[in-house]
Amino acid sequence: MSTEVLFQTHLVLGYVAWLLCFGAYGLPWLSFMDHVAAQRAIATLHSFRFFGLVFLVPGVVSPNLPASFALFAAYGDFATGVLAMLALLTVRMRPLFWPFVVAFNLVGMVDLIVDYYHAIQIGLPARAGELGATYAIPIIFVPLLMITHIVALYFLVRPRQNAT
């Protein structure tokens, strides 16, 4: 099986596994929380996106990994992580909390979409070995991040239910 097919299979199965897990456990748990608690839980997960800076560490990724991909992926993740941390730090200041929630979700989702675009442009699936130790990030972590961004944005736009 080619590297490209393996990478694409891993990516698809990463989404399938997280959708199954999130559908069974994550979404029911978040749905019963109030809006702030649910967004806070999602922000906590995304606060670890500073880890994306690992794409810039020599020896962790191949020197042949195109800088156009590595730089945007690293700094997009870093920005998202910082915004998520700011949301967590301002949870008691609601006029600041909500803009940070919107910001980390929009920046994070755009980052992932642009990373997918860059990956396609550089033919990353066929050269996935250049990801080195970071190979697990797009396979295991990115699907969960994208799913939680979608859920967070859905929670932001859905009508609030009245407590009974």
Side-chain angles (χ1 to χ4, degrees), residues 7-8 10-57 61 65-122 124-125 131 134-161:
F7 182 81
Q8 291 170 339
H10 282 150
L11 185 61
V12 168
L13 292 177
Y15 271 96
V16 170
W18 277 119
L19 284 168
L20 291 169
C21 181
F22 200 77
Y25 302 105
L27 192 56
W29 178 66
L30 289 171
S31 295
F32 284 106
M33 293 180 170
D34 67 56
H35 289 288
V36 172
Q39 294 293 353
R40 191 175 181 187
I42 293 169
T44 300
L45 171 68
H46 287 270
S47 70
F48 287 92
R49 285 187 62 179
F50 64 85
F51 185 71
L53 288 172
V54 74
F55 284 110
L56 304 178
V57 178
V61 296
L65 184 67
S68 62
F69 173 81
L71 286 169
F72 193 88
Y75 288 116
D77 278 345
F78 179 68
T80 303
V82 169
L83 289 167
M85 288 178 195
L86 289 169
L88 292 170
L89 289 169
T90 61
V91 72
R92 289 194 168 94
M93 297 173 268
R94 298 299 158 78
L96 291 174
F97 173 72
W98 290 112
F100 282 126
V101 166
V102 171
F104 93 75
N105 279 292
L106 290 178
V107 169
M109 188 172 252
V110 167
D111 169 54
L112 296 177
I113 291 168
V114 172
D115 290 345
Y116 279 128
Y117 174 79
H118 283 154
I120 292 166
Q121 293 301 312
I122 66 167
L124 186 65
L131 289 167
T134 67
Y135 183 90
I137 292 173
I139 302 306
I140 297 172
F141 201 40
V142 168
L144 177 61
L145 297 175
M146 183 63 86
I147 292 165
T148 55
H149 278 312
I150 291 167
V151 169
L153 291 171
Y154 169 73
F155 283 171
L156 284 169
V157 299
R158 78 175 178 182
R160 294 181 185 247
Q161 299 171 349

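Nearest approach of Val107 to Ala79, heavy atoms of both residues: CG1-CB, 4.3 Å. Heavy-atom minimum distance, Leu86 versus Thr90: O-OG1, 2.9 Å. For the pair Arg94 and Pro99, the tightest heavy-atom approach, listed with the atom from each and the gap, is O-CD, 4.2 Å. For the pair Gly23 and Pro28, the tightest heavy-atom approach, listed with the atom from each and the gap, is O-CD, 3.4 Å. In terms of heavy-atom proximity, Ala70 sits nearest to Leu65 at CB-CD2, 4.2 Å. Scanning all heavy atoms of the two residues, the minimum distance from Ala119 to Pro125 falls at O-CD, 3.8 Å.
Note that CD1 of Ile139 and CH2 of Trp18 are 13.5 Å apart. Values are rounded to the nearest 0.5 Å. For the atom pair Ile120 CD1 and Asp115 CG, the distance stands at 11.0 Å (nearest 0.5 Å). Of the inter-residue distances, the one linking Tyr25 atom OH with Leu20 atom CG reads 10.5 Å to the nearest 0.5 angstrom. Between the CG atom in Leu144 and the NE2 atom in His149 there is a gap of 10.0 Å [rounded to 0.5 Å]. One finds the CG atom of Leu106 at 10.0 Å from the OG1 atom of Thr80 (value rounded to the nearest 0.5 Å).
Among residues two or more places apart in sequence or in another chain, the side chain to side chain contact (heavy atoms under 4.5 Å, CB included) test is passed with Pro66 by Ser68, Ile122, Arg127, Glu130. Partners of Thr148 under the side-chain hydrogen bond (donor to acceptor under 3.5 Å, both in side chains) rule, at least two apart in sequence or in another chain, are His46. Qualifying ring pair (Phe, Tyr, Trp, His ring centres under 6.0 Å) partners for Phe72, counting only residues two or more places apart in sequence or in other chains: His118. The side chain to side chain contact (heavy atoms under 4.5 Å, CB included) search around Thr44 returns Leu88, not counting sequence neighbours. With sequence neighbours left out, the side chain to side chain contact (heavy atoms under 4.5 Å, CB included) criterion links Met146 to Tyr15, Met109, Leu112, Ile113, Tyr116, Ile150. Evaluation of the ring pair (Phe, Tyr, Trp, His ring centres under 6.0 Å) rule for Phe7 yields Tyr135 as partners, not counting sequence neighbours. In this view, Phe155 satisfies the ring pair (Phe, Tyr, Trp, His ring centres under 6.0 Å) rule with no residue, not counting sequence neighbours. A search for side chain to side chain contact (heavy atoms under 4.5 Å, CB included) contacts involving Arg92 returns nothing, not counting sequence neighbours.
No side-chain heavy atom of Phe55 sits under 4.5 Å from any side-chain heavy atom of Leu71. Put simply, the side chain of Leu45 reaches to within 4.5 Å of the side chain of Phe141, judged on heavy atoms. Proximity of Ile42 to Phe104: side-chain heavy atoms (C-beta onward) are separated by under 4.5 Å at one or more points. By the 4.5 Å heavy-atom criterion applied to side chains, Leu124 and Leu131 are counted as neighbours. Side-chain contact check for Phe100 versus Gln39: every heavy-atom pair is 4.5 Å or farther apart. In this structure, the side chains of Val54 and Val61 stay at 4.5 Å or more apart for every pair of heavy atoms. Side-chain atoms of Leu53 and Tyr75, non-hydrogen and from C-beta on, do get closer than 4.5 Å to each other.
Screening residues 46-57 for salt bridge (Lys or Arg N to Asp or Glu O under 4.0 Å), with sequence neighbours left out, gives Arg49-Asp77, Arg49-Asp111. Legend: salt bridge (Lys or Arg N to Asp or Glu O under 4.0 Å) pairs involving residues 12-40, not counting sequence neighbours: none detected.
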**Prompt:** Could you walk me through whether Thr134 and Val57 pass the side-chain contact (heavy atoms from CB on, under 4.5 Å) check?
**Reply:** CA-CA 10 Å; Thr134 67; Val57 178; over 6 Å; no
